[in-house]
Structures are given as structure tokens and as C-alpha cells.
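Below is one structure, written out as C-alpha cells, with a few remarks after it.
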Amino acid sequence: MPSERYSLFSLLRETLRGHTGWKPAWRKAAPQSAYDVVIVGGGGHGLATAYYLARHYGVRRIAVLEKSWIGGGNVGRNTTIVRSNYLLPGNTPFYEFAMKLWEGLEQDINYNAMVSQRGVLNLYHNDAQRNAYIRRGNAMRLNGVDAELLDAAAVRRKLPFLNFDDARFPIHGGLLQRRGGTVRHDAVAWGYARAADRLGVDIIENCEVTGININNGIATGVETTRGTITAGKIGLACAGNSSRVAAMAGLRLPIESHVLQAFVTEGLKPFIDCVTTFGAGHFYISQSDKGGLVFGGDIDGYNSYAQRGNLPVVEDVVEGGMALMPHIGRVRLLRQWGGIMDMSMDGSPIIDRTPVDQLYLNAGWCYGGFKATPASGLCFAHLLARDEPHSVATAYRLDRFGMGAVIDEKGMGAQPNLH
């Protein structure tokens, strides 16, 4: 039976009986032989897609296939940042849509995802960066997204512990989005899994897809380690493994897989009250509810499917942190992890039908996957249900690379490792 709705009453009741009556958050479903929709990938995007398919589009026979366990992939391997401070028309409405969904997520799925709109501050260190941030901020405001340009004095008042006085790259100011912030990544996975399960979605863990069945150009089902499953439609939401899974259907995607490392320190008293990024290097940092400093930087730059990185990138990230706030040099690093990024050729995602009928693709999220989770899920659900793109995701076409309609947010060209 689906788990009950969480409420103050249920919390008080379980408190009085020693919390012995809580049910599992979702069922350990066994695969059925056929579904209307099969979603390959039980990360945040796959679970969100299943939830919105059932909630908004009335699809009931849905399966989410996860090769390992819920929360074991990229949804549990990121730095938890959410924001919508994008510049280009193809990205700005989509990520603002995601931000609005984040703001109502906990009430929608009846789960505490620890949404914390503490703000995201991008620092700038020279006149050229300032001008670029002015342009981005104006684009954001024209699209109804909040943006504030801070000078050095305003940044100093907000974050007085940064290195203002003898920095190699002086802080001249920053672009602040107050509605940005962080969301607990594990809670997003668990919350969407529980909400989808309550609507009858089968979440099937330890079920790896080993093949995609195609008859006369139509995808009809998947082969898995737990048997054959037929499907009316198949949605791929496999993050860093998108290319490998798509290859089972004979597709070659404009994607490379790279490792992105993240880090967390020992717990400290609260002192960073917003997400902060270093404009003179790729370094971003926030402080978790447990007090640990959560930070990251560039991808490792070489193709890999391993969930671990190399030491030169560790050194580069830490150097960026030390340049921005030297006092963290005495803090002990607690743990490090890696996620597999599916880096597209222009740094922007793909939500589209594939050349194989009834096979749909959600991929190419690069650095932006976690912050996009609710919008990605809803837009992919719309595509699967209606066979047409959602209005905020029309630019995320698979054929845009051949058409020359790329969405190159960073202006790096067709080099996935630079995005």
C-alpha cells in the first residue's frame, strides 16, 4: 500500500509511540511484463518525470528502472545548488520555471526537501566581468528573474571574511540572485520516489537495462537483468550513461561523459550565508545544515565513466578556495566524490524525441542537472504524454547541432570539456 501523507498529526502520533509505525517511503516493486511508459534511470530527472506523468498527465502504468539504488547516482553526487541566473533565451525561461517549481516543491510532493533560498552570489574581479554580469542581470530582469548588482562595499558587508585586502584577484563586486540557494539532494530523490510511488508508479531498483528492443523502427521494450519489459513509450534519463544506453538503440549522441568532483569539510559554525562563486577561477561554495563546507570546481577534463576524480583537479579547486578565503586552509576535508556528467557539445541539455519512434531522450545536462530537476521532469513528462515539447523547452532539440541553433551559454564552442 502507498505510504500515508506526512502531517503534524502523523508526526505527533509516531512520536508518542516511539516512531515504530512509519512505513517505507516507497515499495520495492517487482517488474511487470508491460507498461505504458518505461523510464530508464532512477535519478532525480527520471523520478520527477514519473511523478509528473502520473500527477499531471494521468498516465498510470509507469515503471522507473534503476540499475543500482535510488540516490546512488548524480542526484546524490552534487553540490545541491539551485539557481536561474542564465543569460540566453533558450535557458532563462527553463531554469526560471525550475526555480518556481523548487519554491513549491515541498508542498507539492509532501516531503521536506530542505529548500533554502539563501541566495547565489557570483563575484567579479575586473571591468570585463562586471560588464558581462550587467548584461546577464539585465537579461534576467527582462525575463522576470530577480538580479542585483553589488559593488565591492556591498559584498564586503555581506561576506566580510573574503580576501579583499591583499588578493591576487581583487573583488570588485558581484551579481546576486536572492531566490537561488540550495536543496538537499538526497531528499529530492527520496521525496520524488515517495510521491511517485503514492501515485502507483513502480520503482524498480537493481534493474539494469541491457538492451532496447526495436521492431520496424519502433522501440517496443527493454531487456533488463530482471527480464524483458515491453513498453508503449521509453524515456531515457540516464545522465552520464546516456551515450551507452542510447547506443543500444543504434544512436550516437553529441555527448561526452566526464567526471565532476565535489567536496565537503568537517562541520563548522555557520559563517557562509549564501552560495558564493569565485569569478577568477572555477570554485563555488556553500555551507550545509550540518556545518560542512560544500564546494566544487571544474570537471576533470578527460572522458570517464568512473565516479572518482584525479588529484590535480583537487589541487586546482582548493587553490581557488584559498585565493577567495584563505582562512579555510586550516579546515579538514572530510570526503570527496565524483559524478558522471553527460556534457553536450554546447553545454545545454536535450529534451526531445529520437529518430527511433517511441524512444525519447533527456540528457546533456552538464553542470546544470540538479538545479533543473523539477523542470526537466515536468517537461520530459509533457513530451512523453503529448509528443510535443513543453513551451519552456522548445530550444532543447536534439537536431540543433546540425541546424546551427546551439545554446552556447559560456561561448566555448563545440568542446564539451570546456562547458
Side-chain angles (χ1 to χ4, degrees), residues 29-43 45-50 52-54 56-67 196 200-204 207-257 342 344-345 349-365 376-390 393-403 405:
Q32 300 179 28
S33 60
Y35 292 93
D36 293 331
V37 177
V38 165
I39 299 167
V40 182
H45 292 216
L47 293 168
T49 301
Y52 292 120
L53 265 175
H56 293 298
Y57 298 98
V59 182
R60 286 291 176 262
R61 299 175 65 244
I62 305 170
V64 177
L65 310 184
E66 170 54 45
K67 71 174 182 178
V201 174
D202 282 354
I203 299 172
I204 306 167
C207 182
E208 182 176 359
V209 171
T210 58
I212 298 175
N213 297 326
I214 300 174
N215 294 315
N216 298 319
I218 302 173
T220 58
V222 293
E223 298 293 334
T224 78
T225 52
R226 299 182 65 176
T228 301
I229 301 174
T230 60
K233 295 181 178 180
I234 302 170
L236 305 184
C238 313
N241 288 293
S242 296
S243 295
R244 290 202 290 193
V245 177
M248 298 175 188
L251 300 177
R252 183 181 179 187
L253 301 181
I255 285 173
E256 293 181 358
S257 295
D342 50 335
S344 68
M345 305 305 290
I350 301 163
I351 304 177
D352 201 1
R353 291 173 290 190
T354 74
V356 179
D357 284 347
Q358 308 306 315
L359 182 65
Y360 303 77
L361 180 65
N362 178 325
W365 288 99
S376 167
L378 202 155
C379 291
F380 199 34
H382 182 94
L383 177 67
L384 285 162
R386 302 281 178 83
D387 266 315
E388 62 182 19
H390 191 282
T394 55
Y396 296 154
R397 299 174 52 160
L398 177 59
D399 63 359
R400 69 176 184 268
F401 305 97
M403 296 171 57

(message) To check you understand the geometry: which heavy-atom pair defines the closest contact between Ile255 and Ala363, and what is its length?
(response) CD1-CB, 3.7 Å
(message) For a side chain to side chain contact (heavy atoms under 4.5 Å, CB included) check, start with the C-alpha distance between Leu359 and Leu251, then their side-chain angles and the critical distance, and finish with the verdict.
(response) CA-CA 11 Å; Leu359 182 65; Leu251 300 177; 4.0 Å; yes
(message) Checking Tyr360 against Asp387: is there a side-chain donor and acceptor pair closer than 3.5 Å?
(response) yes
(request) Spell out, as yes or no, whether a donor-acceptor pair under 3.5 Å connects the side chain of Thr210 to the backbone of Glu223. (result) yes
(request) Could you check if a side-chain atom of Gln358 sits within less than 4.5 angstrom of a side-chain atom of Thr220, using non-hydrogen atoms only? (result) no
(request) Measure the CG-CG distance between Asn362 and Leu383 for me, rounded to the nearest 0.5 Å. (result) 9.0 Å
(message) I'd like to know if the side chain of Arg252 and the backbone of Ala247 have a donor-acceptor N/O pair within less than 3.5 Å.
(response) no
(request) Working to the nearest 0.5 Å, report the span between CG of Leu378 and NE2 of His45. (result) 12.5 Å
(message) Applying side chain to side chain contact (heavy atoms under 4.5 Å, CB included) to Trp365 and Ser376, what does each step give before you reach the verdict?
(response) CA-CA 10 Å; Trp365 288 99; Ser376 167; 3.4 Å; yes
(message) So, taking the atom named NE2 in His382 and the one named CD in Glu388, what distance separates them when rounded to the nearest 0.5 Å?
(response) 4.5 Å
(message) Minimum heavy-atom separation for Val245 and Cys238, please, with both atom names.
(response) CG2-SG, 3.8 Å
(request) Take Arg60 and Asp36 through the test side chain to side chain contact (heavy atoms under 4.5 Å, CB included) and record every step on the way to the result. (result) CA-CA 8 Å; Arg60 286 291 176 262; Asp36 293 331; 5.7 Å; no
(message) For a side chain to side chain contact (heavy atoms under 4.5 Å, CB included) check, start with the C-alpha distance between Leu65 and Ile229, then their side-chain angles and the critical distance, and finish with the verdict.
(response) CA-CA 10 Å; Leu65 310 184; Ile229 301 174; 4.0 Å; yes
(message) With rounding to the nearest 0.5 angstrom, report the CZ to CG distance, Arg353 to Asp399.
(response) 10.5 Å
(request) Give a yes or no answer on whether the side chain of Asp352 reaches the backbone of Leu398 with a donor-acceptor pair at less than 3.5 Å. (result) yes
(request) Say whether, by atom type as modelled, one donor and one acceptor occur between the side chain of Thr354 and the main chain of Leu361 under 3.5 angstrom. (result) no
(message) Tell me the closest heavy-atom pair linking Phe401 and Ser344, and the distance in Å.
(response) CZ-CB, 4.4 Å
(message) Are Tyr35 and Ile234 packed together at the side-chain level, in the sense that at least one heavy-atom pair is separated by less than 4.5 angstrom?
(response) no
(request) Provide the closest heavy-atom pair for Pro254 versus Ile350 in the form atom of the first, atom of the second, distance. (result) CG-CD1, 4.2 Å
(request) Output yes when a side-chain donor or acceptor of Arg400 lies under 3.5 Å from a complementary backbone atom of Arg397, and no otherwise. (result) yes
(request) Return yes when atom CZ of Arg61 has more than 12 non-hydrogen atoms of other residues, nucleotides or ligands closer than 6.0 Å, and no otherwise. (result) yes
(request) Heavy atoms only: give me the nearest Val356-Ala219 pair and the separation to one decimal. (result) CG1-N, 3.8 Å
(message) Once rounded to the nearest 0.5 Å, what's the spacing between atom SG of Cys207 and atom CD of Glu66?
(response) 9.5 Å
(message) Show the nearest heavy-atom pair for residues Val59 and Ile62, with the distance to one decimal.
(response) O-CD1, 3.3 Å
(message) For Gly221, is there any backbone N or O sitting under 3.5 Å from a side-chain donor or acceptor partner on Thr230?
(response) no
(message) For the OG1 atom of Thr394 and the CD1 atom of Ile351, what is their distance to the nearest 0.5 Å?
(response) 10.5 Å
(message) If you define the side chain from C-beta out and look only at heavy atoms, does anything of Pro31 sit under 4.5 Å from Thr224?
(response) no
